[in-house]
Amino acid sequence: MAKKSVVKSQKIKRTPGDQAVQVLIYVIVGLFALVTVLPFLYVVAGSFATERELTERAFFIIPSEFSLNAYQYLLKTGDVFKGLKNSLIVTVVGTFINMFFSCTLAYPLSRKYFRGRNFFTNMVIITMLFSGGMIPIYIVVINVFHLKNTYWALWLPIAINAFNMIIIKNYFQGLPSELEEAARMDGCQDLGIFVKIILPLSKPVLASVSLFYAVSHWNSYMNAMLYIDDDEMEVVQIVLRRIIFLTSGITQDSTFDWGIFGQPPEKAVKMATTVVATVPILIVYPFVQKYFTQGVMVGAVKG
C-alpha cells in the first residue's frame with residue numbers, strides 16, 4: 001500500500017490547460033498525417049477504379065466498383081515483375097555496398113587517435129560542395145571502367161554518400177570511449193572493436209541510413225537510363241516510364257479481353273504504376289521504424 005501511494009504521489013498532475021494543449025497537438029499532428037496519407041489513398045483507390053468513376057468523382061478513397069484492368073495492363077505490357085526483380089537486386093546489393101564503405105570509412109574518421117582524420121573529413125565534405133558533373137562521370141563510367149550495361153554502373157559511382165557517411169561518423173564518435181578502452185584491455189583489436197562493439201550499438205543509425213540508401217536505389221532513374229540499355233536489366237522505374245508512355249495506345253489495343261469494365265483508363269494505369277513503384281519500399285518501413293528512436297546505449301556504461 002505504501003509503495004502504491006508513493007507511485008501515485010510521483011505522478012505529474014496535468015492542469016486542464018496542459019490537457020487542452022496536448023489535445024490540440026494531437027489534432028494538428030493528425031491533420032498533417034491526413035494531408036500526407038489521403039493523396040496516396042486516392043492513388044491506390046484510383047488504380048482500381050473505372051473510367052466513369054474517375055471522370056465523375058473528384059476524390060474518393062473507396063471505389064464503388066473495383067476493376068483490376070489497370071494492373072492487368074501492367075502485367076500484359078510492362079514486364080513489371082522483371083523490373084521489380086532487377087530493382088530488388090540493385091537495391092539489396094547496392095545498399096550493402098553503400099553501408100560497407102560508409103561504415104568502414106566512418107569508423108577511422110570517428111577515432112580521435114587517427115592521424116589526419118580532420119584532413120580526410122574535410123576532403124569528404126568538399127565532395128558535398130563540388131562535383132565533377134554528369135558528363136565527366138559518364139565518361140569515367142563508360143570509357144574508363146567500361147561498366148555499360150552492368151549493375152556496377154549503378155553501384156560504384158554512388159558507393160558512398162558523404163552526408164550519410166558523416167551521420168554514421170558522428171554517431172560512432174558519440175559512443176562512450178570507455179567501451180573501446182575496456183575492449184582493448186581484454187585484448188581486442190580495432191577490427192574486433194568495430195564488429196563486436198561499435199556495429200551492435202549502432203543499430204538505430206545503421207537502420208536509418210540503410211533505409212535512406214535503399215530508397216535512393218529503388219527510386220534510381222537517371223543512372224539507370226544513362227548506363228543500362230539492355231531490356232533484361234531494366235529497373236522498375238524505367239519499365240514504369242515506358243508503360244506511362246504507352247498508355248496512349250490502350251484504346252487501340254483490341255487483342256485482349258478486358259472483361260465487363262472494358263479497357264483501363266490512362267489515369268488508372270498511371271496510378272497503378274505509382275502503386276507498384278511505391279508499395280514495395282513502403283513495406284520495409286515498419287521493420288526499420290523501431291530503430292529510429294530506440295535507445296540502445298541505456299545501461300551500456302556503468303560508473
Side-chain angles (χ1 to χ4, degrees), residues 7 10 88-131 145 151-152 154-220 280-303:
V7 174
Q10 291 178 349
L88 183 63
I89 295 173
V90 170
T91 300
V92 173
V93 179
T95 301
F96 174 80
I97 293 174
N98 293 142
M99 293 304 298
F100 176 81
F101 286 109
S102 297
C103 291
T104 52
L105 177 60
Y107 177 65
L109 294 182
S110 65
R111 302 299 93 183
K112 295 181 180 180
Y113 53 80
F114 178 65
R115 293 183 179 180
R117 72 178 188 126
N118 291 332
F119 170 77
F120 290 109
T121 302
N122 291 331
M123 293 294 293
V124 172
I125 295 175
I126 288 177
T127 63
M128 299 172 60
L129 305 176
F130 303 98
S131 173
F145 292 104
Y151 288 138
W152 292 105
L154 306 181
W155 295 332
L156 292 184
I158 53 174
I160 294 181
N161 181 282
F163 181 78
N164 291 337
M165 191 280 297
I166 290 176
I167 292 177
I168 299 175
K169 166 188 169 295
N170 292 338
Y171 192 92
F172 288 169
Q173 198 167 320
L175 296 176
S177 59
E178 291 83 356
L179 293 174
E180 183 175 353
E181 294 173 0
R184 291 191 183 279
M185 292 179 62
D186 292 337
C188 196
Q189 301 299 321
D190 287 323
L191 181 59
I193 294 173
F194 175 66
V195 174
K196 297 180 180 180
I197 296 178
I198 301 299
L199 292 183
L201 293 175
S202 303
K203 288 181 180 179
V205 70
L206 296 181
S208 301
V209 175
S210 296
L211 184 61
F212 297 155
Y213 277 129
V215 172
S216 176
H217 281 293
W218 185 266
N219 294 330
S220 178
I281 199 66
L282 286 179
I283 297 176
V284 181
Y285 275 91
F287 300 98
V288 183
Q289 184 181 8
K290 63 180 180 180
Y291 292 108
F292 288 160
T293 57
Q294 181 181 2
V296 296
M297 289 305 301
V298 177
V301 179
K302 297 181 180 180

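Along the sequence shown, residues are numbered consecutively beginning with 1.
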Visitor: Check whether any side-chain heavy atom of Ile168 sits under 4.5 Å from a side-chain heavy atom of Ser202, and report yes or no.
Guide: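 In short, these two side chains do not touch, never coming nearer than 4.5 Å.
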Visitor: Could you give me the CA-CA distance, side-chain angles and deciding distance for Leu109 and Met165, then say whether side chain to side chain contact (heavy atoms under 4.5 Å, CB included) is met?
Guide: CA-CA 10 Å; Leu109 294 182; Met165 191 280 297; 3.9 Å; yes
Visitor: Once side chain to side chain contact (heavy atoms under 4.5 Å, CB included) is applied, do any residues pair with Phe145, and if so which ones, sequence neighbours excluded?
Guide: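 For Phe145 the side chain to side chain contact (heavy atoms under 4.5 Å, CB included) partners, ignoring immediate neighbours, are Val140, Leu147.
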Visitor: Just how far is it from atom CD1 of Ile97 to atom CG of Leu154, taken to the nearest 0.5 Å?
Guide: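 Reported value, rounded in 0.5 Å steps: 10.0 Å.
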Visitor: Are more than 12 heavy atoms from other residues, nucleotides or ligands located less than 6.0 Å from atom CE of Met128?
Guide: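 Above 12, so yes.
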Visitor: Between Ile193 and Glu180, which heavy-atom pair has the shortest distance, and what is it?
Guide: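 That would be CD1-CG, 3.7 Å.
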Visitor: Between Thr91 and Ala214, which heavy-atom pair has the shortest distance, and what is it?
Guide: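 Nearest heavy atoms, Thr91 then Ala214: CG2-O, 3.6 Å.
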Visitor: Could you check if a side-chain atom of Ile160 sits within less than 4.5 angstrom of a side-chain atom of Asn98, using non-hydrogen atoms only?
Guide: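 The answer is no, as the side chains (C-beta and beyond) never meet within the 4.5 Å cut-off.
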Visitor: List the residues meeting side chain to side chain contact (heavy atoms under 4.5 Å, CB included) with Val195, not counting sequence neighbours, and say none if there are none.
Guide: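 Partners of Val195 under the side chain to side chain contact (heavy atoms under 4.5 Å, CB included) test: Leu191.
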Visitor: Quick one: CG on Leu211 to CG on Leu206, what's the gap to the nearest 0.5 Å?
Guide: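 One finds 12.5 Å between CG of Leu211 and CG of Leu206.
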Visitor: Let me confirm one number: the CG-OG distance from Leu175 to Ser110, rounded to the nearest 0.5 Å.
Guide: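 The OG atom of Ser110 is 8.0 Å from CG of Leu175, to the nearest 0.5 Å.
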Visitor: Starting at CG of Leu201, measure out to CZ of Phe172 and round the result to the nearest 0.5 Å.
Guide: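 CZ of Phe172 is found 10.0 Å from CG of Leu201.
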Visitor: Surrounding CZ of Phe101 (heavy atoms of other residues, nucleotides or ligands, distance under 6.0 Å), is the total greater than 12?
Guide: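 No, not enclosed.
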Visitor: Identify, with sequence neighbours excluded, every residue that meets salt bridge (charged side-chain N to carboxylate O under 4.0 Å, His left out) alongside Arg117.
Guide: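 Listed in chain order: nothing, the list is empty.
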Visitor: Looking at every heavy atom in both Ser210 and Thr95, which two are closest together, and how far apart are they?
Guide: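 Taking every non-hydrogen atom into account, O-CG2, 3.6 Å.
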Visitor: Per the side chain to side chain donor-acceptor pair (under 3.5 Å) rule, what does the pair list look like for residues 155-169, sequence neighbours excluded?
Guide: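 As it turns out, the side chain to side chain donor-acceptor pair (under 3.5 Å) pairs with a partner in residues 155-169, which skip direct neighbours, are Lys169-Gln173.
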Visitor: For Ser102, what residues pass the side-chain hydrogen bond (donor to acceptor under 3.5 Å, both in side chains) criterion, not counting sequence neighbours?
Guide: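 Scan of Ser102 (side-chain hydrogen bond (donor to acceptor under 3.5 Å, both in side chains), adjacent residues dropped) gives Tyr213.
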Visitor: Nearest 0.5 Å please: distance from the CD1 atom of Ile167 over to the OG atom of Ser208.
Guide: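 With rounding to 0.5 Å, CD1 (Ile167) is 8.5 Å from OG (Ser208).
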Visitor: Filter on ring-ring contact (aromatic ring centres under 6.0 Å, His included), then keep only pairs touching residues 104-125, sequence neighbours left out; what's left?
Guide: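 Passing the test, one end in residues 104-125: Tyr107-Phe194.
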Visitor: Please report the shortest heavy-atom distance between Ile197 and Leu179, naming the atom on each side.
Guide: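 Distance-wise, the nearest heavy atoms are CD1-O, 4.0 Å.
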Visitor: Does Thr127 reach the main-chain N or O of Val124 with its side chain, forming a donor-acceptor pair under 3.5 Å?
Guide: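 Indeed, once roles are kept as given, a pair shorter than 3.5 Å links the two residues.
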Visitor: Is Asp186 paired with Lys196 through a side-chain N to carboxylate O contact shorter than 4.0 Å?
Guide: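 No, Lys196 and Asp186 are not salt-bridged.
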Visitor: Considering only heavy atoms from C-beta outward, does the side chain of Ile166 approach that of Ile125 to under 4.5 Å?
Guide: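 Yes - at least one pair of side-chain heavy atoms lies under 4.5 Å apart.
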Visitor: Mind checking whether Val90 and Ser220 have side chains closer than 4.5 Å, heavy atoms only?
Guide: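 Answer no - side chains too far apart.
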